[in-house]
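Following: one structure in structure tokens, then a few remarks.
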Protein chains: 4
Amino acid sequence: MGRETIDQIFAAAVDVFAHSSFERAKMDEIAGYAGVAKGTIYYHFKSKEELFVALMNDGMEQITEFLRRRIASAEGAADQLREALEAYVTYLFRNGTFAKLLLSEVWGSTQRQHVFRARIRELVAIIEEVLAQGESEGVFRPMDKRETAVAVFGAASVTVLQEIFHRQEGGDDMEIDERIPSLVAALEALLYRGVISSRNFNG
Amino acid sequence: MGRETIDQIFAAAVDVFAHSSFERAKMDEIAGYAGVAKGTIYYHFKSKEELFVALMNDGMEQITEFLRRRIASAEGAADQLREALEAYVTYLFRNGTFAKLLLSEVWGSTQRQHVFRARIRELVAIIEEVLAQGESEGVFRPMDKRETAVAVFGAASVTVLQEIFHRQEGGDDMEIDERIPSLVAALEALLYRGVISSRNFNG
Amino acid sequence: MGRETIDQIFAAAVDVFAHSSFERAKMDEIAGYAGVAKGTIYYHFKSKEELFVALMNDGMEQITEFLRRRIASAEGAADQLREALEAYVTYLFRNGTFAKLLLSEVWGSTQRQHVFRARIRELVAIIEEVLAQGESEGVFRPMDKRETAVAVFGAASVTVLQEIFHRQEGGDDMEIDERIPSLVAALEALLYRGVISSRNFNG
Amino acid sequence: MGRETIDQIFAAAVDVFAHSSFERAKMDEIAGYAGVAKGTIYYHFKSKEELFVALMNDGMEQITEFLRRRIASAEGAADQLREALEAYVTYLFRNGTFAKLLLSEVWGSTQRQHVFRARIRELVAIIEEVLAQGESEGVFRPMDKRETAVAVFGAASVTVLQEIFHRQEGGDDMEIDERIPSLVAALEALLYRGVISSRNFNG
DNA sequence: AATGAATGAGCTTTCATTCAT
DNA sequence: TATGAATGAAAGCTCATTCAT
């Protein structure tokens, strides 16, 4: 069946692209994982590049959609940012494969990478909106919203990635979902309050 | 002479690895840029991998060294963190090439990437120390220092990278050094105070 | 219906084999042009090769038949040769597609090409007969009939082909049928009289 | 050595392109014949196409040069045409490989084939010049020189090719050089005198 | 120290052909 | 009859690496 085959390929591709990079991923391996012939991949996707892009777009759409939904469910910018953070961390954690690709396949100069950055800018824009909303609500301080949103995105992404590798390299065997709250808490604390001790805070 | 040739190769390699990734960089192109024969590279470096690792280690050492020196020049954890931030942003900005590699060549599963992550952990450890110092000084609030340091590293790195690409894609033509202060300021504001408006802040 | 589908495939195949060669023609493209599924072609023809051979045989039969009929309509070898020439040139011109295949797909070592050459020999044999007839009528000089027939075939074929490409490459926009008489005339003049000026001719 | 390797590749390529067509020729086979690794071919030629074009240009240059020299050695247009014919037939005969490529790889629509046709036009132009010369000397009749030259080229080329295949398919075992004179004679007779018997000639 | 011609494993992509429906 | 998804054997090309000079 058509859809079924494509799904198998997709799933296999995520795996393979995950533990290799785009360049080192081999179509042969993807085909093997998917349990189809190599030609079958090419019957459905014009090229390795197209397959990869389809994959990333799919992931970016999912995560964007997920974030929007979670944000919509919250009242007030402060809670929305909290939701966004948690949603983002949770999603990346559960799709570690995608998380790796997100940060590693985006900082290059191919056309594809250019497009990915545009996608990421959409993600950042969502955070930016929340920040703007909070600023106008008076609950967030005046700030450079674009830069701040980017920094938030960076802080969250790298935190998750570091944790993923930490576990992978045998550093931690706590259940993944148990680890999420503490990571989100650390990020929240940093992003909401900063590092300064409150008794030293005056402005 | 020996040293000279090696330097040429190094300089060329930085350039080439910069606009390609490790995988897409070609020894031929590096040789061309360096103005030496391909064989010459292999006379000095055992492999592409070794050349790349040498390069990255060099960069990591420089940046680590640079950070330590700048931190040492400041009094008090608050200022030290400020210095660290500025030093890191400045270095990455001026070595955009290295900045790209830093984030893109690190999230993989090759031995090399494993080693790079260890290097990055050193960098993070520096920040961590400052945070610990601040905490014990009472100037920073109690916190999960490792996670916070990672988040700080992520926020700063991605902010710089996003800015580099923004410029590269024609988005901004301000002088690079003029842009640094405002980026550092945004990061500082975020990391010191968080996003919360002070009138809403109560602990 | 059956016949209809086959005709569509045939027509499409002529087109596609025309602007590509046998090797570069793709079954996919033929199917697309024909408006049928690729499998349908294989339902009617065992292979690409078989389709191509059927096509060429069809063309060779048509041209052979056409030549014979035109020759039969003329009295005397001189007029017969004239008719043959005109018929051949006209046919090739009107089936430029076939003309290209005729000369380009024949000089190889595949079984198929071997068979085509046999077919061409039939065509040459027709000319040869006319020459023999003319010789015995005394209207043609004694000659090496086989070689001469081949030369006549070559002269006519290449002349037409060269003209087809000349037009195709934008060299001439006269109506095709207007150009035929002058080409036939030039060929006739060459083949009947040769290049020698009559005042220099003395046997 | 550089030149030596290239020569080996060239020689092998002629052979392989000869008994296959351009499309069916395999780089692996060429490499095998040449006794070098496949990569070596690509070290010297950017692509299969480039190798092939280099080959054909080489052949076309040789034959053009050969023709010009032989023509220059003759006095009067009549003898020049005779020389040209013999030179052309001889060359093709001795380079049957090239002869096949000449006629079979030229009637297509790739860029490469376009270029080859331009080359052939140069060859035809040489014949044309001789015809023009003869016409102005009064030794050749007035004629459509371009068309006639093309026809001469076609007659000679196809004649040789047909003979080459005839032998190859076991049709004749006379020494190649012994066969040339009779072929040239037949062509000469046709092109100089045409087919008409002299007693019927009154034009 | 330096060179660059030569290598060949490895990779992506193509496409005629098959076959279950 | 007709379909089109699936196949897998090729084949062109790349490029890190080697090594004789």
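All chains are named by letter (A, B, ...) in the order of the sequence lines, taking the proteins before the strands, and each is independently numbered beginning at 1. Predicted model, so just to flag it, every value in this text is computed and none were measured.
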Whole-Å gap separating C1' (F:dT14) and NZ (D:K46): 15 Å
Sugar-phosphate only, base, or nothing, as touched by A:K38 at under 4.0 Å among non-hydrogen atoms: base
Short side-chain N/O contact to E:dT14 OP1/OP2 from A:Y42, under 4.0 Å: no
Nearest-neighbour nucleotide for the B:M27 side chain, F:dA16, F:dT7, E:dA1 considered: F:dA16
Sugar-phosphate only, base, or nothing, as touched by A:A34 at under 4.0 Å among non-hydrogen atoms: nothing
Phosphate OP1/OP2 of E:dA6: any D:T5 side-chain N/O under 4.0 Å: yes
Shortest side-chain distance from A:K26, nucleotide among E:dA2, F:dT17, E:dT12: E:dT12
Heavy-atom donor-acceptor pair, B:T64 side chain to B:M60 backbone, under 3.5 Å: yes
Pairing partner of F:dT21 (Watson-Crick or G-U wobble, both distances under 3.5 Å): E:dA2
Nucleotide paired to F:dG8 in any strand shown, Watson-Crick or G-U, under 3.5 Å: E:dC15
Pairwise 5' ranking along DNA chain F for C:A37 and B:S47, keeping only the more 5' one: C:A37
Any donor-acceptor pair under 3.5 Å from D:K100 side chain to D:I164 backbone: no
Gap between atoms CD1 and P, on C:I41 and F:dT1 respectively (whole Å): 17 Å
Gap between atoms CG and P, on C:L51 and E:dA16 respectively (whole Å): 11 Å
Selection from F:dA6, E:dA1, F:dT3 that lies nearest to any side-chain heavy atom of B:Y43: E:dA1
A:T40, nearest nucleotide to its side chain (from F:dT3, E:dG4, F:dA6): F:dA6
Flag, side chain of D:S109 to backbone of C:H19, donor-acceptor distance under 3.5 Å: yes
Centroid-centroid distance, A:F17 to A:F98, less than 6.0 Å: no
Sugar-phosphate only, base, or nothing, as touched by A:A31 at under 4.0 Å among non-hydrogen atoms: nothing
Between E:dA2 (P) and B:I6 (CD1): distance, integer Å: 8 Å
N/O donor-acceptor pair under 3.5 Å between A:E50 side chain and A:K46 backbone: yes
